[in-house]
There are 2 protein chains.
Amino acid sequence: MADNLQEQLYQNIRSGLLAGRFQPGERLKIRDLASEWGTSPMPVRAALQRLVAEGALEGEQQRSVRVPSMTRERYENIFQVRLALEGLAVELATPRLSRDDLALLRDCVQRMDVAIETRQVQGYLSANSQFHLHLYGACGNPVLMRSIESLWLQIGPFFNRLFTGADLSLRLNDFHEDAFAAIEAGDAKGARQAMEQDLLYFARFLLNLLALEQGEV
Amino acid sequence: MADNLQEQLYQNIRSGLLAGRFQPGERLKIRDLASEWGTSPMPVRAALQRLVAEGALEGEQQRSVRVPSMTRERYENIFQVRLALEGLAVELATPRLSRDDLALLRDCVQRMDVAIETRQVQGYLSANSQFHLHLYGACGNPVLMRSIESLWLQIGPFFNRLFTGADLSLRLNDFHEDAFAAIEAGDAKGARQAMEQDLLYFARFLLNLLALEQGEV
DNA sequence: CATGATATTTTGTGATCACAAAATAGTAAA
DNA sequence: TTTACTATTTTGTGATCACAAAATATCATG
């Protein structure tokens, strides 16, 4: 994609994180990744440091870079900020959506319905993230968008990992439908409220999965 | 402070940015900074890349790193996010403040009063940032705090530069006093509202300075 | 004098090496 | 078997070098 190596490595490691390919607490070692991708340690170092700066990885002083572990407390902290930022983004985006945007969002909602019925976790998560991020992307505020993406990068890994093998609740799409209806009607406040309900329901669902996992381990 | 070089350089460049020591659009060159601090280019490179990742500097593809310029639009984007995040932080922090915290905040308000009367811009800005950041720091949510600090790093440089030589409005402390009264009374919602008024007034004040500058240049 | 092509310099990126601190393995004593 | 100490390996950091692309300077041409 980009012509410099550290950008490519950044994208690779980032998508690896979002896909849940690394375990919480796992150490990402510069030389290992470098030999895996066939490069020198230098661009790997830069990519990891960037991910640390963005909050996607945690780096202790003069120590290895680690995949952060998700606790209930940390999840609630992130959730609190998400509620504020994503609520704002929905409100701003609603009056700015084009006909094409609406069509895409409608398609996402339908795909989530199908995915829930056929129990395709990956399909659900994919459509879910597209629904949210495409909607927020229309808010017209790059600073806001950047902050939201930083938060998604911090929780994304746990979405994918925790959801894998879990039963999808049948209600996981209800609030998306409410939100879409409000969006289509141009009701920004209503869309925000519906989306906040969605985030809340989703957060509770995920906290249950988190409690299950930590109970098992 | 820290034992690794890139951390020191990061702190140095960062405080240089916050002090308004660099001009908007100015290119920060690795080798120049390296020779200025007497190090190799390597830790400078890391420090600059970190600042880019945090949004404090902008880095085009395979090009020099630049100090971003502030436009009205960008300032309004940042302000919109600040309003959401700092409002939330005040609300969360209010019931968590200790007696010592309150004493410190009261002191900040007094120092701002004195600074406005004696027209000491630096004194005002210093007390102002301490008031806000210490208050937010008590919110108990590190994720929120981190996001707020990222935004301050993006506007801080322009505070200091634009304010220098400007006349301080006599009303620049009114809302701090309102906010402090609400905080002291434990009225979280009221504190949030007062702080939002402060941010709004401050933003307008700064947008005037920005318009003045861009009109002159 | 203005303008576009060319040569020179500057600058960021990536590789390799040296080094110190941290992590790990190994060993001996209780 | 457990614990404390030591030796070895691993790992991140910082320096130096090579290189290509970008920025700048130089010069010829209209």
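All chains are named by letter (A, B, ...) in the order of the sequence lines, taking the proteins before the strands, and each is independently numbered beginning at 1. Atom set for the values below is all heavy atoms of this structure, side chains included, hydrogens, waters and symmetry mates excluded.
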Which residues pass the salt bridge (Lys or Arg N to Asp or Glu O under 4.0 Å) test with A:D32, sequence neighbours left out?
-> none
Contact interval (first through last nucleotide) of DNA chain C with protein chain B, 4.0 Å heavy-atom = C:dT11 to C:dA15
A:D107 side chain to A:L104 main-chain N or O, any donor-acceptor pair under 3.5 Å?
-> no
Residue pairs fulfilling side chain to side chain donor-acceptor pair (under 3.5 Å) with at least one residue in residues 143-152 of chain A, sequence neighbours excluded = A:E86-A:W152
On DNA chain C, nearest-nucleotide positions of B:D32 versus A:R27: which is more 5'?
-> B:D32
Those residues of residues 40-58 of chain A lying under 4.0 Å from DNA chain D by at least one heavy atom | A:M42, A:R45, A:Q49
Touch class at under 4.0 angstrom, heavy-atom based, for B:L9 against every strand present | nothing
Sequence neighbours excluded, every pair satisfying salt bridge (charged side-chain N to carboxylate O under 4.0 Å, His left out) that has a member inside residues 39-48 of chain A | none
Under the salt bridge (charged side-chain N to carboxylate O under 4.0 Å, His left out) rule, what pairs show up with a residue in residues 56-75 of chain B, not counting sequence neighbours?
-> B:E60-B:R66, B:R72-B:E76
Would you please indicate if the ring centroids of A:F79 and A:F158 are separated by under 6.0 Å?
-> no
Starting at the 5' end of DNA chain C and moving along, which residue's nearest nucleotide shows up first, A:R31 or A:R63?
-> A:R31
For the residue pair B:R111 and B:Q130, confirm or rule out a side-chain donor-acceptor distance under 3.5 Å.
-> yes
Step through it carefully: locate the ring centre of A:Y124, locate the ring centre of A:F131, and say whether they are under 6.0 Å apart.
-> no
